[in-house]
2 protein chains.
Amino acid sequence: MSEAESTVGERMKARSSNRVTIRDVARHAGVSKSTVSRVLNDKGYASSDTVERVQRAIEELNYVPQATARGLASQRNGALGLLVNDLSTLTIPPLLSGIDSMIQEEDYNLLIAAAGHQASRSVPLGAHNTDGLLVYADSVTDEQLRRFYEAEFPVVLMHRHPPEGVDIPSVNIENRQSTRELISHLIEEHGYRRIAFLRGPDHQEDSREREESYVETLRAHDISVDPTLIELGGFSEVISRQAVEDWLSEGIEPDAIFAGDDGGAMGAIKAIRQAGLRVPEDIAVVGFDDDRYAEYGNPSLTTVHVPLEQVGREAVKRLMRLVREGAAESTVLPTSVVIRRSCGCQYPEMPG
Amino acid sequence: MSEAESTVGERMKARSSNRVTIRDVARHAGVSKSTVSRVLNDKGYASSDTVERVQRAIEELNYVPQATARGLASQRNGALGLLVNDLSTLTIPPLLSGIDSMIQEEDYNLLIAAAGHQASRSVPLGAHNTDGLLVYADSVTDEQLRRFYEAEFPVVLMHRHPPEGVDIPSVNIENRQSTRELISHLIEEHGYRRIAFLRGPDHQEDSREREESYVETLRAHDISVDPTLIELGGFSEVISRQAVEDWLSEGIEPDAIFAGDDGGAMGAIKAIRQAGLRVPEDIAVVGFDDDRYAEYGNPSLTTVHVPLEQVGREAVKRLMRLVREGAAESTVLPTSVVIRRSCGCQYPEMPG
DNA sequence: TTGAAAGCGCTAACAT
DNA sequence: ATGTTAGCGCTTTCAA
């Protein structure tokens with residue numbers, strides 16, 4: 001019996017389910033499943049006549065190949081995964097936007113999961129449901145990363161370097177240079193000397209690099225580093241605000257505060273104003289990220305612009321290369337200081 | 001031959017692939033695949049002894065069931081889809097966060113796709129790769145919605161009502177009442193009478209409802225509606241800014257501007273300040289959404305708080321019910337006016 | 001250029 | 001309580 005024909009039993013079966021399968025298309029076009037598959041995937045030979053018949057059948061039946069079946073047969077999932085710590089962050093939208101646009105171009109799907117604060121738990125995304133993973137910062141542990149690496153599962157890191165001995169490509173941003181420029185600006189242009197720092201979470205590389213560069217820059221200007229002026233801001237508005245409130249209530253009043261991220265800067269500003277002080281007249285505040293609201297802050301925020309959308313796109317590009325060619329290179333994207341009002345400068349676009 | 005045993009050929013095959021399958025687990029535990037499957041899915045009976053052996057085998061072999069195979073066999077995808085217009089919006093993070101947390105609780109995966117501005121194109125998510133869809137606002141057309149409905153494919157709408165004759169559950173927010181309160185506040189507390197409106201995209205229901213309520217509230221206060229004071233803001237900072245610039249350059253100077261969303265409010269503020277005018281002294285501005293930066297705006301933004309995280313969670317809950325029980329109810333979540341500085345009030349927390 | 005057949009890794013009757 | 005058997009809907013050799 002030819003596959004292109006059908007028995008009564010088959011017909012009834014086909015009728016009983018309203019799901020259109022490749023067999024229905026084959027039957028409708030008068031060809032075999034294999035031929036339909038070839039047309040679908042543009043693989044192997046097919047006479048233009050056949051191609052057209054099959055495509056018409058697909059249209060007429062409104063056929064869409066089922067992902068699970070296709071995946072099982074071809075041993076690929078057709079999806080890329082994204083792991084982040086926290087989806088509610090403001091840095092997420094541009095990142096997502098970049099990732100999604102690139103992934104759609106590549107005809108893959110995007111599977112997302114937030115690791116929450118238990119980066120130790122088992123990862124919900126992996127070889128069982130994706131063909132590769134984008135890992136943001138410390139959303140998975142070194143150990144888990146190592147396992148992916150040993151299993152030769154394609155992973156690209158964002159805002160993080162691979163641990164020792166693990167050769168995973170990464171897309172990072174330049175933290176040190178812009179931090180140096182930013183802190184130098186505070187010292188040289190504004191004459192601040194008591195500059196505080198609000199650290200990010202302990203395991204965030206971005207935060208560590210920013211802190212190191214902050215320390216180096218102070219030293220380069222012969223300013224001794226005062227440990228009481230370094231507190232945990234946790235890349236969080238709430239924690240940062242509390243830290244600054246604590247300083248102020250203890251009578252510690254820096255000239256300026258370098259918050260590890262813009263959210264922290266907002267928390268700092270809130271604390272300062274609540275204490276009846278002014279930003280930047282009494283205490284200047286600068287951040288990092290250039291979140292969407294940085295420009296609209298009160299006052300507008302001097303910060304460092306991070307090309308997050310580009311980070312997303314570059315990461316996907318690299319992951320695709322890794323999936324297809326087995327290798328990809330790392331990169332570090334440039335950042336740039338954005339001077340606005342909160343450091344004490346006159347931000348041009350904002351009169352009043 | 002029992003399934004629990006193995007031939008040399010099978011062993012070699014198992015060795016040749018480094019992927020651990022259910023057969024490996026079965027062999028390792030000395031049981032059949034079915035038993036492993038039962039333990040895996042907690043279905044049917046199994047002696048506690050067997051359960052333990054199987055679980056140990058799973059641990060030891062580091063086995064994770066393959067999503068495609070499981071999906072094909074069980075006729076489900078194990079994933080829920082989310083369709084939005086634009087991933088780069090600020091309303092996205094809380095929404096995503098709510099959706100993701102709920103979805104992880106339900107042990108599903110989250111597949112995301114931005115429709116871009118071609119809501120007309122074919123939808124990348126559907127029955128072929130998900131078990132149900134969350135549709136945000138106008139990210140798909142009425143026609144596409146109708147097709148899903150006719151195919152009895154589970155869909156839950158967010159920030160949108162189903163078209164006529166299509167009974168799809170939705171999670172919406174209260175737009176009219178809070179708009180009425182907001183506009184009444186501008187009129188009654190501040191005495192504004194020339195109040196402009198920046199409309200959202202044409203097909204956004206939120207925007208239409210806000211506009212209707214805006215018009216009604218003006219009329220209720222015996223204020224005639226001036227069509228020149230209604231312009232397209234497109235729920236976009238850039239478009240809104242341009243619209244306000246146009247007004248000002250034409251000498252049109254409202255007492256207050258009601259932007260359809262917070263992004264638009266920011267654009268309006270920018271335009272006003274650039275024209276050398278002050279907010280709220282010369283022109284007041286209010287928004288809608290209560291985005292993360294609304295409180296930090298310059299001045300802080302009077303707006304309407306929208307419980308986006310809850311919208312996400314409620315939508316997932318309803319979609320799960322729809323998937324499992326075939327039905328779910330719609331709901332409308334309450335919103336609340338948040339008075340800050342941009343309307344002309346004294347916002348308590350911000351001295352200086 | 002096309003069709004037949006095998007099989008991807010799992011679940012789900014149905015036996016027993 | 002557990003094993004056997006049949007697929008799920010595709011892709012992919014292999015023949016023809």
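Lettering follows sequence order; numbering is per chain, from 1.
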Taking only the side-chain heavy atoms of [X] (C-beta and beyond), determine which of [options] contains the nearest atom.
X: A:Gln75; options: C:dC8, D:dC8, D:dG9; answer: C:dC8
X: A:Ser34; options: C:dA12, C:dT2, C:dG3; answer: C:dG3
X: B:Ser32; options: C:dC10, D:dT2, D:dG3; answer: D:dG3
X: A:Thr21; options: D:dG9, D:dT11, C:dG9; answer: D:dG9
X: A:Asn41; options: D:dG9, C:dC10, D:dT11; answer: D:dT11
X: B:Ser47; options: D:dC10, D:dA1, C:dT11; answer: D:dA1

Touch class at under 4.0 angstrom, heavy-atom based, for B:Thr68 against every strand present: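 No contact.
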
Touch class at under 4.0 angstrom, heavy-atom based, for A:Ser37 against every strand present: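 Contact class for A:Ser37: base.
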
Short side-chain N/O contact from A:Thr50 to OP1 or OP2 of C:dT2, under 4.0 Å: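 Affirmative; the distance criterion is met.
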
Side-chain N,O (B:Arg70) to OP1/OP2 (C:dT11) below 4.0 Å: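 The answer is yes; a side-chain N or O of B:Arg70 sits under 4.0 Å from OP1 or OP2.
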
CD1 on A:Ile112 to CG on A:Leu125, rounded to 0.5 Å: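 Atom-to-atom, A:Leu125:CG and A:Ile112:CD1 are 9.5 Å apart.
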
Electrostatic pair B:Arg56-B:Glu59, nearest N-O below 4.0 angstrom: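 Judged by the 4.0 Å cut-off on N to carboxylate O distance, B:Arg56 and B:Glu59 do not form a salt bridge.
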
Angle by which the axis turns from one end of the helix from C:dT1-D:dA16 to C:dT16-D:dA1 to the other, five pairs per end, to 10 degrees: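 Its terminal axes enclose an angle near 30°.
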
Show the atom names and distances, to 0.1 Å, of all donor-acceptor pairs under 3.5 Å that link a side chain in residues 154-165 of chain B to residues at least two apart or in another chain.
| unit_1 | atom_1 | unit_2 | atom_2 | d |
| --- | --- | --- | --- | --- |
| B:His159 | ND1 | B:Asp206 | OD2 | 2.7 |
| B:Arg160 | NH1 | B:Ala137 | O | 3.0 |
| B:Arg160 | NH1 | B:Val140 | O | 2.6 |
| B:Arg160 | NH2 | B:Val140 | O | 3.4 |
| B:Arg160 | NH2 | B:Asp142 | OD1 | 2.5 |

